[in-house]
2 protein chains.
Amino acid sequence: MIVTSAQQLMVTAATGSWKATVGRATKLFSGMTEAQLLQPVAPGRNRPLYLLGHLTAIHDAMLPLLRVGERLHPELDEIFIAKPDRAVAALPSTENLRTYWADVNDALQQRIETLSAEDWVERHAAVSEKDFANNPTRNRFNVLLSRTAHASFHIGQMVLAPK
Amino acid sequence: MIVTSAQQLMVTAATGSWKATVGRATKLFSGMTEAQLLQPVAPGRNRPLYLLGHLTAIHDAMLPLLRVGERLHPELDEIFIAKPDRAVAALPSTENLRTYWADVNDALQQRIETLSAEDWVERHAAVSEKDFANNPTRNRFNVLLSRTAHASFHIGQMVLAPK
């Protein structure tokens, strides 16, 4: 009989869901050739290569948002968040984007594993201490769930990509 | 200054994420005409009408899985879980499927709101009491996060549907 606190079980569930989701995306990206990465998931829609950059940028931004570290690749935001796919002609190379994806998620995973249950319900960086005192739901845990849902949303699109 | 327990804040985050995700799907389905519901999200892929039935069936199954109630529409499984889209010629009517979606999610939302933080880390129905004693991660909270990710996955696909 293993006894674990409710809050620790919830952290285990949420970080497990995050890790599984990132793992699923990694498997999809790894299984795609350069040509497949450049073929839109549906006619006129995003290419998987853009989604690779987009998810990397969003996950990279989680490092400061969760207040666990500095960004590794802030330069991706302009191409992969501010602008839609095909708005920028010269994307970083596929090889580089694959490396950034691995580095960002590894860094994030390492930091995530150091957070205690109490740390998870501390404020995220986009809310001031004053606002957080009035609204304690704006915490790191919320960011983690929100970014897990975001990745799942795009994974659903990537599985539609022509083989 | 509002003081709330860590576990209650985590429940608030997870149930909030669930509610927002179901709300997003509802908005997408409500905004689609019959013709749009019958147009595949990408060439050869699922039609939104199938996804409406599929998500309804999966959410309906959460009632017993979370041990909060009986299923309302178990008859949907055969068409929308066991079989892929277009394998069954005669689907339930769009009007009925829209009603089932609303009823199932309303029932689920009502029950979800009655669960305490301690209730959330109790076992789900697909694990025995004995197995749960050895692996307390197989709890209701895990089911909620997993089904939220599942819905997000399909929402990502539905936003690709031709307008």
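Each chain gets a letter, A, B and so on, in the order its sequence line appears, and its residues count up from 1. Fair warning: this is a prediction, and the values are worked out from it, not measured in the lab. All values below come from the heavy atoms of this structure, side chains included, with hydrogens, waters and symmetry mates left out.
Of the listed residues (A/Thr148, A/Thr12, A/Leu144, A/Ile155), the one with the most heavy-atom contacts under 4.5 Å to chain B is A/Ile155.
Neither B/Leu115 nor B/Val127 shares a network with the other; the hydrophobic side chains, linked directly or stepwise wherever heavy atoms of I, L, V, M, F, W or Y lie under 4.5 Å apart, form separate groups for each. Both B/Val22 and B/Leu51 sit in one connected hydrophobic cluster of ILVMFWY residues. Membership requires side-chain heavy atoms under 4.5 Å apart, directly or through other members. Residues A/Leu28 and A/Ile58 fall into different hydrophobic clusters, defined by Ile, Leu, Val, Met, Phe, Trp and Tyr side chains chained together at heavy-atom separations under 4.5 Å. A continuous path of hydrophobic side-chain contacts links B/Leu66 to B/Leu72 [ILVMFWY only; heavy atoms under 4.5 Å].
For the pair B/Phe153/A/Arg24, a side-chain contact is recorded, criterion being any heavy-atom separation below 4.5 Å from C-beta on. Side-chain contact between A/Pro43 and B/Pro43 is present, with heavy atoms from C-beta onward closer than 4.5 Å.
Residue B/Arg138 does not touch chain A at all, counting heavy-atom pairs closer than 4.5 Å. With a 4.5 Å cut-off on non-hydrogen atoms, B/Ala14 touches chain A through its backbone and its side chain both.
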request  = Check the pair B/Leu9, A/Gln7 against side-chain contact (heavy atoms from CB on, under 4.5 Å), reporting the backbone distance first and the verdict last.
outcome  = CA-CA 9 Å; B/Leu9 284 166; A/Gln7 62 192 36; over 6 Å; no
message = For A/Met10 and B/Asn139: C-alpha separation, side-chain torsions, deciding distance, then whether side-chain contact (heavy atoms from CB on, under 4.5 Å) applies.
response = CA-CA 9 Å; A/Met10 292 178 192; B/Asn139 52 51; over 6 Å; no
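Shortest non-hydrogen contact noted between A/Val159 and B/Arg45 is O-NH2, 3.5 Å. Closest approach of B/Ala42 to A/Ala42, counting heavy atoms only: CB-CB, 3.9 Å. The two atoms that bring B/Ala13 and A/Phe141 nearest to each other are CB-CD2, 3.8 Å, heavy atoms only.
Of the possible polar contacts, one joining the A/Gln157 side chain to the B/Gly156 backbone as a donor-acceptor pair under 3.5 Å is found.
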